[in-house]
Structure formats: structure tokens, C-alpha cells
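Report on the following structure.
If you're wondering where the values come from, they're calculated on a predicted model, not measured in any experiment.
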Amino acid sequence: MRPKVAILREQGVNGQVEMAAAFDRAGFDAHDVHMSDIVAGRVSFAGFKGFAAGGGFSYGDVLRGGRGLGQGHPVQRARRDQFSAFFARSDTFALGACNGCQMMSQLRELIPGAEHWPRFAKNRSEQFEARFVMVEVMQNPSIFFSGMAGSRMAIATAHGEGRAVFDSAEAKSRSSSRCASSTTAASRPRLIP
């Protein structure tokens, strides 16, 4: 069986073809889904086991470009209702990369276990920054990190809005910043100094 995964697309997003190809090779049935299909009711998340929100130049890749995917004008209510119903199910997964990660952080109040996730803000340098971050994968039930517990790796991060802002000191101590999000609460990688 090839579980259906929606590869989300919006104005200016790129990399969705590569994302779909990766999911296809991993054994999923990948479907191209434009956000306007969700708003218009042409597509529902009901038939999907997962979704992936890519990035790269959504909304012109301006600062806060990922916000356009996650919130905004009144038509977004249809999107938020779809996301809320999707995250309420126990048989789903989601992946957000780049602007898709920003989108996931904007939806955190809809995602069980994500209350301590950060939102992303403009870098203090007020410019684009690129660097490597060391991460360790903790024991978790995530399908993305299956069998990787204890692994340490360098991950390249690059963004104009890469600073993680936590709503409280408690949230900061219970979460970690990264450029990929998973909706499995226990799957959060821990940053290694």
C-alpha cells in the first residue's frame, strides 16, 4: 500500500517536484495540491495520510513568506479548518521545510504537542544568514527519524528569518529550533552546542 501524501504548493513555491519524487521513492503516492484547491473545496485532506509543505520563494521569498501559507486574509479560514481536522486525526504526519517550516510554526496552535514550538523572526543581523547546525536525533516515534536515535549530524540552514523566538522561557527549554518540522511531538531533535 502506498499512503497518499499531499505535496502543498502556493504562489512562488519551488522544490515541490523534488519533494514529490522523494516521497514517491520512499513508497508514498504523492499528489500535487495547490492551496487554492483546498480553499475552493476541490481537494480535502481527508483522503491523505500526510502532507509536505516545501519552501523556496513562497510569496516572493520576502521576510515572513511562510506566514502567507499559514495564515492571512479571511479565505485562510477554510485552510485552517482543513489543517485543524487533519491534525486532530491520529493517523497523519506532516513535514515543513524552509517556508513550509514557517507555515508549520504559524499553525502550532492547531497541532497537538506543538505548543512549545517557536515562531521565526528576522535575523538580528537583518540579513540572510547561512550556517551549519549540529543536531542529535532523540528517541522518538517519528516516521522521518525511524532507527536514527542517537545519530548526530550537521544540517545546513540558510534563511533571512531563521531566528527562533519562543513565547516563554519554559517553551525555549522544552523545544529546539530547526529548519524542518514534524508533527510528532516526540520527534524534536535537540541542538548540540
Atom of [X], atom of [Y] and distance for their closest heavy-atom approach:
X	Y	answer
I7	Q16	CG2-O, 3.7 Å
A46	R89	O-NH1, 3.5 Å
P3	G27	CD-O, 3.7 Å
S105	P118	CB-O, 3.1 Å
E136	G150	OE2-CA, 4.1 Å
A94	M104	CB-CE, 3.7 Å

Report yes or no: do F28 and F144 belong to one cluster of Ile/Leu/Val/Met/Phe/Trp/Tyr joined by side chain heavy-atom distances under 4.5 Å?
-> yes
Have a look at H31 and tell me which of F48, F45, F23 forms a ring-ring contact (aromatic ring centres under 6.0 Å, His included) with it.
-> F48
Rounded distance [0.5 Å steps], [atom1] in [X] versus [atom2] in [Y]:
X	Y	atom1	atom2	answer
S142	L95	OG	CG	9.0 Å
Q102	R119	CD	CZ	12.0 Å
F87	I111	CZ	CD1	4.0 Å
M138	S151	CE	OG	11.5 Å
W117	C101	CH2	SG	8.0 Å
F132	I155	CZ	CD1	10.5 Å

Taking C-beta and beyond as the side chain, do [X] and [Y] meet within less than 4.5 Å on heavy atoms?
X	Y	result
T92	K49	no
I38	V33	yes
N123	Q127	no

Carefully, step by step, assess R2 and D24 under the rule side chain to side chain contact (heavy atoms under 4.5 Å, CB included).
-> CA-CA 9 Å; R2 294 173 57 89; D24 180 69; 2.5 Å; yes
Trace of the salt bridge (Lys or Arg N to Asp or Glu O under 4.0 Å) decision for D167 with R108 = CA-CA 12 Å; D167 293 332; R108 68 184 182 267; 3.0 Å; yes
Kindly indicate, with the supporting measurements, whether the criterion side chain to side chain contact (heavy atoms under 4.5 Å, CB included) is fulfilled by M35 and L8.
-> CA-CA 7 Å; M35 295 297 259; L8 301 184; 4.2 Å; yes
Does H34 have any ring pair (Phe, Tyr, Trp, His ring centres under 6.0 Å) partners at least two apart in sequence or in another chain, and if so, which?
->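 Expected list: none.
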Going through the checks in order, is the salt bridge (Lys or Arg N to Asp or Glu O under 4.0 Å) test met by E126 and R124?
-> CA-CA 5 Å; E126 296 190 10; R124 286 194 174 100; over 6 Å; no
Please lay out, stage by stage, how V135 and M153 fare under the test side chain to side chain contact (heavy atoms under 4.5 Å, CB included).
-> CA-CA 6 Å; V135 297; M153 64 197 88; 3.7 Å; yes
Within 6.0 Å of CZ in R42, more than 12 heavy atoms from elsewhere | yes
How about F93 and F51: are their ring centroids closer than 6.0 Å?
->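 For F93 and F51, the ring centres are not under 6.0 Å apart.
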